[in-house]
Structures are given as structure tokens and as C-alpha cells.
Amino acid sequence: MKKAFITGINGQDGSYLTEYLLGLGYEVHGIVRRNSVPEHQQSRIELARENLHVSYGDLLDTSGLYKLLSNIQPDEIYNLAAQSHVRISFDVPQFTAQTNALGALNLLEAYRNSCPQAKYYQASSSEMFGTSVESDNYQRETTPLKPTSPYGCAKVFAYNITRNYRKSYNLHAVNGILFNHESPRRGSNFVTNKVVKAAVLIKKGKADILELGNMDAYRDWGHSKDYVRAMHMIINHDIADDFVVATGESHSVREMTEYVFSKLDMNYKDYVVQNPKFLRPEELPYLRGDSSRLRKTFNWTPEYTFESLMDEMIEFWMQQIK
Ligand code: F7E
């Protein structure tokens, strides 16, 4: 039985990856951070599952990471833990850098010293591209990295240190460069779930308005379930390498909002107002990923479209809010 170790196991991606790996017959281990409300640590994962083991841990607690990896001796390590909110990274830049950059280094050190035969996956992000766009309007593996947020800068460090450890110590350490990916499990302070939840509340007469920031930003939105399949493919490639994961389709926040409200027979213009508090000190205007290398190498294709992703999220909130 193969063993996986996942940081951020209770996050959107960690929870879908856990379900996917348990389905493939893995023994799954993960860490959650201590929180004053214990329910927050297990809101997305059902703990009482065979072959699932969850412990307390933190990317900043190197000795704890080393102890866990030494005992578990995993075959695959997935570093999905992070302070993942880009706007909030401007409020807590040092915490973001410690967790997302130094945290990745801490985990790499624990891995190198306790189980170097394992394979290692780093959750890298399209936020690293920042303002870089190729002349054909895509970002791909070769696109220069010009991040526009503390989050993006920290992720660039984690990406580079993963490549550096791969070369320096001959480790099977890889990066998946994932573009935005959503689902009903997405935190509701990210724009897709924020819009869907608010639109359903308005539809059901429980809210009047929706406050947003920059509606002219474009994002390439896929489904987390499709992207965790790609993570497993990337880490298990014979050659340790880095891959972009994206749908190749980009929509503005305005188009996404219009789609959601019109699905609920409403006009978004009647309800949406701009609040500068949701703007970022530096914006990332445009993301559209070219995942041809991933598609060619593994025959990966997403099962969800932009529309079926948003429809699933709408359906989820329609059920939740009675
Ligand atoms: O914003 C705009 C905002 O917070 C998307 C993370 O998973 O993907 C995610 O980062 C866009 C931005 O995601 C609001 O300015 C407008 O242009 O949903 P988001 P993100 O910042 O793209 C990358 C790949 C990651 O790696 C990150 O971890 O929507 N926007 N109005 C707003 N965004 C938010 N959150 N709230 C608004 O009111």
C-alpha cells in the first residue's frame, strides 16, 4: 500500500486529493494546524475513514515535520499548505512569506533528511507569473515570473527552492503550476464562491447587495477535482519536472458574476457595488494558462467546463441556504 503525506489536508485541494488517493488504495497522512475552534480543522475531511491519519503539524515547526516524515516514511509528499489568499498577503506579508516560502524549505529539509527516496510535490501558482503574458496571450512553463503580491513572491521562492533541491540533491521534487481552481469547497472569501454565495442569498431574499473589488481582472478557472488528478500525474512522472495546470479559457470577474446572476434570473448590475477595500495594492490583470505539456505528456483533460463548475457551485449554495 502506497503512503502519501499531505500538508493542508483540510483545504479544498487537500480534501479532494485525500479522497482521490484513498480511492486509489493509498494510506493517507496529513497535518492540520491547531485552531481554537476544533471543527475548523476537519470541516472538509471526514476523519473517521480507514487508512486516513491526521496529526497536528505546522510548516513552521521543522522538528515536528522531521519526526512525522521519519515515522511515516511516505512514498509521496504533497505540500499544499499555505496562506493562500492573495489580498490578505498584503495584510500579513511576513507570515505569508514564512509559511509559503520558508515553510516549503522546512518541509524540503525534513524530506531530504528523513525520506529522500520519496517523491515531493510543491503547490506552485499562476500568481507567480504576475504581469508576464506571452505574445499569444498565454502563460506557460517558460514564461518569466514577475509576481505582483507578497503571496506571489513567496511562491516564487518555494518554486525555485524545489527546483534547486531537485538538482542539488538529486531528489524527485516537482512543481505543479496551478491556475485558479474552484469548487463548492472553496473558501467564500475567494471571488467565485463569494459571488455565488451572495447571489443565492440575494435570490432567497437574505441579502441586498454584493460588494466586490476589481471586476475587470481575468482568471483561468478550473475545478479542484480535475487539478488534484493532475497533481498525482505530475508527481508520478518518470522524470522530475514542472507542469502548468490550466483550462486555457479565461473569463473576467464581471463575466463570471454576470453568468452566476443570470443563472438565477437576476441582473448583476442591480446588486453589485464596488468597495475599494477589496482592491489590491497591485493587481494581476490577466491569467490564461497553456497546459499543452501536461495534456500531451499524461493525456490529461479537465472533466468540468467553466459553466459546469459554476453550476455545481450554484447548486451547492441553493441546497445550503434554505
Ligand atoms: O481573486 C478579483 C481579484 O481571491 C480572483 C488563490 O487560490 O488563485 C487564487 O488567487 C480575482 C482577482 O483569487 C473581489 O482582484 C474582485 O483579480 O478569487 P481570488 P486569486 O487572487 O486569483 C491563485 C492561482 C492562487 O494561487 C491563490 O492561492 O478576483 N476580485 N473582487 C476579488 N477577489 C476577492 N477575493 N474578493 C473580491 O471581492
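Both ligands and their constituent atoms are indexed starting at 1 by order of listing. Given the structure is predicted, the values throughout are model-derived calculations rather than measurements. Values reported hereafter were calculated over all heavy atoms of this structure, with side chains retained and with hydrogens, waters and symmetry mates removed.
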Using heavy atoms and a threshold below 4.0 Å, how should the contact between R186 and ligand 1 be classified: side chain, backbone, both, or neither? side chain
Using a 4.0 Å cut-off to any heavy atom of Y151, which atoms of ligand 1 qualify? 25 (C), 26 (O), 27 (C), 28 (O)
Considering only heavy atoms, does L287 approach ligand 1 within less than 4.0 Å through its side chain, its backbone, both, or neither? neither
Could you check whether the rings of H85 and F190 sit parallel, tilted or perpendicular, using 30° and 60° as the cut-offs? tilted
Note: D13-K225 ion pair, threshold 4.0 Å (strictly below): no
When you look for heavy atoms under 4.0 Å from ligand 1, do you find them on the side chain of V253, its backbone, both, or neither? side chain
Counting both backbone and side chain atoms, is some N or O of N189 under 3.5 Å from an N or O of ligand 1? yes
Protein heavy atom at shortest distance from atom 16 (C) of ligand 1: N214 O, 3.2 Å
Identify which of E182, Q83, M256, R280 has a heavy atom lying nearest to atom 19 (P) of ligand 1. R280
Which distance, rounded to the nearest 0.5 Å, do you find between the OG of S125 and the CG of N175? 11.0 Å
Got the closest protein heavy atom to atom 27 (C) of ligand 1, with its distance? S84 O, 3.3 Å
Does F278 have K194 sitting over its ring (NZ/CZ under 6.0 Å from centre, angle to axis within 45°)? yes
With respect to E283, determine whether any N or O atom, backbone or side chain, lies less than 3.5 Å from an N or O atom of ligand 1. yes
List for me each residue that meets ring-ring contact (aromatic ring centres under 6.0 Å, His included) alongside F5, sequence neighbours excluded, and say none if there are none. none
Identify, with sequence neighbours excluded, every residue that meets ring-ring contact (aromatic ring centres under 6.0 Å, His included) alongside H232. Y20, Y26
Starting from atom 38 (O) of ligand 1, which protein heavy atom do you reach first, and at what distance in Å? K194 NZ, 2.7 Å
